[in-house]
Amino acid sequence: MELLKAYAEIFADCSYWLASELPAAYERRLDESSAGIILDRLGIFKDECERLNLQMTLSLIKDAIPYAEGWKDGGAALLHDAIHNVCDLFTRELSQQLFMRINAAGRTFCDDPSKNWQMVIKRFGRSLEMSKK
Amino acid sequence: MNKCFALIRYTAAMFHAMQIAEAEAIELGEYIAVTDPKRGWDATRRKLDELVKQGHLELPAPLAGKFEFLEQMHREIETMVFAWRIRIDHAANRLAIIPNTDFTPDIAEHIMGAVRIFMLRLVEGLPTTQLTS
């Protein structure tokens with residue numbers, strides 16, 4: 001879980017919530033609220049893994065989500081191990097990726113490089129293409 | 001350009017910015033009928049300077065009614081030159097980053113902003129028929 005915090009706020013946030021709700025799953029005393037939090041966080045985690053193309057972790061998250069959704073119907077018993085597997089594989093998968101650090105101010109430039117340039121791109125797309133060569 | 005900026009590759013971002021500005025300066029040059037056989041940054045700049053100095057009464061017929069636009073473009077080009085002064089060479093009718101030039105994030109952002117405004121003004125004022133090449 002420590003590794004997650006090093007990468008991004010979203011992972012730190014997810015790891016915090018998953019870790020804090022995980023004992024409830026382990027002890028099989030999940031309630032509506034805990035299951036809801038786990039489900040929400042798994043959803044955010046899933047989106048981030050999709051964005052970063054962490055396919056192995058993504059497939060395990062997809063396996064874990066039905067357990068959280070069906071926590072009343074026996075899913076809780078499997079949820080603890082499923083989340084552990086997600087965290088374990090996530091750590092391994094991250095270790096095989098190259099990450100570049102971008103400060104918060106630069107994030108919008110990277111996430112949406114065409115922001116504020118849409119009109120220019122629409123009209124002068126050709127010159128912008130040229131600039132990539 | 002924006003991705004290079006986000007990844008703290010300011011010189012690369014400036015390279016892209018220059019390519020965009022240069023390509024469209026040539027396009028603008030065609031519109032204002034640059035006669036210099038060497039189409040390029042300086043040829044357009046000189047012609048624009050000449051047209052603006054002559055005043056709106058002396059504008060060639062195809063540019064009638066476009067004096068404000070030309071004056072604006074003249075100003076935007078000078079703003080870009082001011083933004084990158086001593087960092088970018090345009091002596092050979094081409095824009096080139098002067099070797100070993102460092103761009104701070106503020107300067108890089110300033111140049112990118114100046115290029116963006118130049119391009120937006122072109123979107124507003126350059127007839128679409130000019131963009132068929």
Side-chain angles (χ1 to χ4, degrees), chain A residues 3-15 44-55 57-58 90-91 93-133, chain B residues 1-31 39-41 44 73 76 80 94-95 97 103-106 108-109 111-133:
Chain A
L3 187 60
L4 310 189
K5 290 177 187 169
Y7 283 101
E9 185 187 346
I10 192 84
F11 294 121
D13 210 24
C14 284
S15 67
I44 296 169
F45 211 177
K46 177 174 157 282
D47 292 344
E48 286 301 305
C49 287
E50 266 170 351
R51 195 171 68 84
L52 295 174
N53 198 24
L54 299 175
Q55 290 298 329
T57 311
L58 182 62
F90 175 60
T91 309
E93 205 169 11
L94 276 185
S95 71
Q96 292 169 3
Q97 307 282 327
L98 170 67
F99 284 84
M100 293 185 195
R101 188 179 65 83
I102 295 173
N103 62 30
R107 182 172 175 170
T108 46
F109 287 98
C110 204
D111 280 352
D112 185 8
S114 60
K115 191 181 175 188
N116 298 328
W117 282 81
Q118 290 89 344
M119 278 172 71
V120 176
I121 290 167
K122 195 175 166 192
R123 198 55 197 275
F124 299 109
R126 186 182 48 84
S127 8
L128 298 181
E129 279 303 311
M130 273 171 57
S131 86
K132 290 180 187 169
K133 289 177 186 170
Chain B
M1 177 177 72
N2 280 349
K3 281 187 179 175
C4 292
F5 182 81
L7 292 166
I8 322 176
R9 297 295 179 264
Y10 301 126
T11 307
M14 293 307 95
F15 171 76
H16 290 300
M18 267 173 17
Q19 294 259 302
I20 296 164
E22 189 168 36
E24 291 321 317
I26 291 171
E27 192 91 37
L28 177 63
E30 284 176 13
Y31 175 61
R39 296 191 322 161
W41 172 263
T44 299
M73 294 319 300
E76 298 308 342
M80 280 193 290
R94 295 290 314 269
L95 296 177
I97 294 172
F103 292 91
T104 64
D106 287 345
E109 207 167 358
I111 293 171
M112 284 162 56
V115 171
R116 183 175 154 266
I117 297 296
F118 168 71
M119 296 297 285
L120 285 173
R121 295 289 184 192
L122 271 182
V123 169
E124 282 175 1
L126 200 62
T128 43
T129 49
Q130 187 61 30
L131 303 168
T132 52
S133 59

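In what follows, every chain begins at residue 1, and chains take the letters A, B, ... in the order their sequences are listed. This structure is a prediction, so every number in the text was calculated from the model and none was measured.
- Of the candidates M112(B), K3(B), M1(B), F109(A) forms a side chain to side chain contact (heavy atoms under 4.5 Å, CB included) with just one, namely M112(B).
- In this structure, the portions of N116(A) lying under 4.5 Å from any heavy atom of chain B include both its backbone and its side chain.
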Run the numbers on M119(B) and W117(A) for side chain to side chain contact (heavy atoms under 4.5 Å, CB included), then give the verdict. CA-CA 9 Å; M119(B) 296 297 285; W117(A) 282 81; 4.1 Å; yes
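- For the atom pair SG (C110(A)) and CG (N2(B)), the distance works out to 9.5 Å, reported to the nearest 0.5 Å.
- Only the backbone of K115(A) comes within less than 4.5 Å of a heavy atom of chain B; no side-chain atom from C-beta onward does.
- Taking each heavy atom of V123(B) and R123(A) in turn, the nearest pair found is O-NH1, 2.6 Å.
- Looking at heavy atoms from C-beta onward, F118(B) lies out of side-chain contact with V120(A) at the 4.5 angstrom threshold.
- Heavy atoms from other residues, nucleotides or ligands lying under 6.0 Å from CZ of R116(B) number more than 12.
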